[in-house]
Amino acid sequence: MKPSPKKKTSHKRKTFYITTPIYYVNDVPHIGHAYTTVAADVLARYKRLRGYETFFLTGTDEHGQKVQQAASHHGVDPQMYADRMVVAFKELWEHLTISNSDFVRTTEERHKRVVQAVLQKLQERNVLYQASYEGWYCLPDERFWTSEDVVDGKCPECGRPVEPLSESNYFFKMSAYQDRLKRHIRKHPKFIQPESRRNEVMGFLERPLKDLCISRPRARLSWGIPFPFDPDYVTYVWVDALVNYISAPGYGSDERRFKKWWPADVHLAGKDILTTHAVYWSALLMALGLELPKTLFAHGWWTVDGEKMSKSRGNVVDPNTMAAEYGTDAFRYFLLREVPFGQDGDFSKAAVTTRYNSELANDLGNLFSRTLTMIERYSGGVVPKPHPKAVKTDDRRMAALAKELYKTVGQEMDRFAFHRALREIWTLVDFANRYVEQNAPWNLAKAPKNQARLDTVLYHLAETLRILAIYLFPFMPTTAQRMVTEIGWTTPLDQAIKPMDYHWGKLKPGRPVQKGKPLFPRMEPPTGITKQETVEAATPSKEIRMESTQTEPSLITMDEFRRLELRVGRVVSAEKVAGTDKLLKLSVDIGTEIRPVVAGIATRYAPDLLIGKMVILVANLKPAVIRGIESRGMILAAGDKEVEALATFLEPVKPGSRVK
RNA sequence: AGCGGCGUAGCUCAGUGGUAGAGCAGGAGAAUCAUAAUCUCUUGGCCGGGGGUUCAAGUCCCUCCGCCGCUACCA
């Protein structure tokens with residue numbers, strides 16, 4: 001496909017370009033952000049170790065309505081707000097020893113220019129069109145409403161009259177790429193991973209793809225990147241955000257650099273933003289005439305103590321706290337060892353502690369510790385010299401296993417199977433522990449005639465640890481560096497190490513070892529109620545807490561609560577909405593009027609049973625049209641996804657009474 | 001509802017038509033270099049239920065039950 005001038009290819013280094021999503025600055029970083037970024041960091045470090053020139057990109061997404069609103073809520077301009085919020089991310093990446101090559105912010109000039117260039121190009125390629133539609137505008141609120149939103153000619157938000165408005169926007173002909181995209185996915189099995197996600201996207205593409213609205217009228221939303229050819233519009237945030245993957249490596253500004261990195265080798269993303277990446281982004285790239293990324297990997301989500309993580313539950317895990325409590329390396333290790341990448345996992349202190357104690361402290365940390373002690377005691381504190389004649393089968397097996405790791409770990413890493421890669425590494429840790437028992441250096445040390453054998457055994461252990469450190473480095477960079485340093489191998493692991501360094505025997509005898517504190521001091525298993533502790537653990541650190549209260553107040557004031565108009569209602573009629581499973585159409589008497597309400601409770605309640613029941617109605621909820629039926633209010637019921645129980649009253653009450 | 005996936009040891013999960021496995025937890029022992037860390041042995045299974053194909057089914061097919069994901073209207 002590509003012309004390959006001999007000179008160039010022979011000089012060309014292997015490259016690797018990996019990205020995380022850019023994170024929306026409206027959110028304080030949590031374990032989910034940390035997970036993606038740590039995984040990306042591990043892959044980046046792994047590739048660097050194997051001689052790849054690596055570009056590892058992360059950043060922040062700073063435009064859009066939510067940021068604008070949050071900023072005005074705090075009485076600052078959006079840029080200032082974003083500047084403040086971005087700090088939490090940058091600091092977290094430092095705490096987690098993230099080795100990103102660049103950090104792109106969508107408010108940076110270099111990015112904005114590229115977004116505009118992209119729009120210009122799309123315009124030139126005739127894949128944009130303007131379409132208008134009718135609606136209503138509330139002047140004082142500066143908000144656009146569709147005719148479905150509007151109640152009696154009034155703004156559903158403030159109740160003031162609205163004016164008719166004809167609004168238009170730019171649309172991207174995404175539908176035109178549906179077939180091509182399907183073909184691409186079919187042809188490239190590794191494009192979307194894991195496979196289950198790939199199937200989902202294929203399923204999504206089975207139905208007709210709509211065009212994508214990629215603009216917002218500036219009059220409604222000013223915090224965005226202006227359209228280059230129409231100053232009345234700003235760019236839809238998702239388009240703005242996705243473009244970061246090409247703006248940072250130099251699209252439209254440095255073609256040579258861009259060519260070097262694009263297409264990206266891996267986009268990592270959470271499963272929640274799979275569609276935007278797999279469909280929107282792919283279609284945009286096709287429209288631009290660019291290659292698609294080689295792999296898009298959608299990873300799973302973490303629950304906490306078996307429950308969904310959410311602000312209202314107050315169980316949001318703060319990665320800063322976890323790193324402080326267990327150590328950055330142990331936290332990184334746990335994230336990637338506990339759960340197959342791609343699947344959902346559960347985070348609990350008990351699980352972290354178990355893995356920490358048994359795998360890090362007992363298996364690895366103790367192996368390291370006992371080896372160094374023996375070298376200090378039986379070899380005068382210097383790396384002993386192995387004697388070829390004293391080498392036994394067991395030693396060769398261990399060396400062979402160490403050699404095999406290059407392949408086995410590599411295979412798993414290339415499949416994003418971090419947990420399997422670690423398991424491979426641990427086969428060597430386990431082997432080494434058995435090796436110690438079987439060769440019992442403390443017995444050899446009892447007779448001087450065994451010195452050659454003793455030296456050989458200890459050398460094999462030291463060399464095994466050196467090689468282990470190389471494989472562990474992507475996961476636990478600080479620990480790995482400590483290991484090699486203490487064992488007398490002074491190579492900085494973060495400089496791309498040489499292929500030879502993976503080979504057995506690179507550790508030079510005669511160098512002094514220096515035993516430090518335990519790598520992973522054992523921890524007490526969590527006591528008491530785990531849940532409580534997790535909530536406590538999730539309490540944001542000082543700086544974060546400030547940000548947190550600023551942006552995401554989890555408590556509301558009395559005044560805010562009073563904005564809710566809750567009223568007693570009596571169900572006067574109920575019927576199933578045709579063609580749905582969950583929806584019931586109710587008529588609810590609230591004293592002054594009878595409200596039509598569509599409720600998603602049909603799986604729990606037969607219509608007849610509801611008639612006459614007293615319910616709680618949110619009376620000032622913005623009306624909506626569901627399945628062509630106007631719903632003017634919402635009735636309260638317990639349950640998350642599935643309705644469990646309808647809220648009603650112990651005593652008889654009059655319809656229309658206020659509930660507070 | 002449509003499409004897809006899962007159900008295997010107390011827990012988390014591997015398992016390629018040919019003797020059911022690993023880690024953790026549980027039980028017994030050995031050793032003393034080590035962070036009481038390690039090592040050895042070991043208990044534990046109607047492989048969700050039922051039917052079928054096959055010399056042979058955890059594995060392939062059908063069906064039922066239960067759970068999950070995506071999609072569609074969850075106000």
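Side chains are part of it too, since the values below use all heavy atoms of this structure and drop only hydrogens, waters and symmetry mates. Residue numbers start from 1 in every chain, and the chains themselves are labelled A, B, ... in the order their sequence lines are given, proteins ahead of strands.
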Aromatic contact, A:His419 with A:Phe341 (centres under 6.0 Å):
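No, ring centres 6.0 Å or more apart.
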Which nucleotide, B:U71, B:U32, B:C33, lies nearest any side-chain atom of A:Arg207?
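The closest nucleotide is B:U71.
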Considering only side-chain heavy atoms of A:Asn362, which listed nucleotide, B:U38, B:U35, B:C33, is closest?
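In terms of side-chain proximity for A:Asn362, the closest of B:U38, B:U35, B:C33 is B:U38.
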Would you classify [X] as touching base, sugar-phosphate or nothing, given that sugar-phosphate means primed atoms plus P, OP1 and OP2, and contacts are heavy atoms under 4.0 Å?
X: A:Ala351; result: nothing
X: A:Tyr378; result: sugar-phosphate
X: A:Ile635; result: nothing
X: A:Arg522; result: base
X: A:Glu200; result: sugar-phosphate
X: A:Gly203; result: nothing
X: A:Pro521; result: base
X: A:Ser369; result: base

I'd like to know if A:Asn366 reaches the base of B:A34 with its side chain such that a donor and an acceptor end up less than 3.5 angstrom apart.
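Side chain to base: pair found, below 3.5 Å.
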Complementary nucleotide for [N] - Watson-Crick or wobble, under 3.5 Å:
N: B:C70; answer: B:G2
N: B:U32; answer: none
N: B:G58; answer: none
N: B:C13; answer: B:G21

Between protein and nucleotides 11-14 of chain B, what N or O pairs are separated by less than 3.5 Å?
none

Quickly, which of A:Asn366, A:Thr353, A:Asn357, A:Leu360 forms a side-chain contact (heavy atoms from CB on, under 4.5 Å) with A:Arg522? Name it, please.
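For A:Arg522, the side-chain contact (heavy atoms from CB on, under 4.5 Å) test succeeds with only one of A:Asn366, A:Thr353, A:Asn357, A:Leu360, which is A:Asn357.
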Salt bridge (charged side-chain N to carboxylate O under 4.0 Å, His left out) contacts touching residues 372-386 of chain A (sequence neighbours left out)
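Non-adjacent pairs meeting salt bridge (charged side-chain N to carboxylate O under 4.0 Å, His left out): zero.
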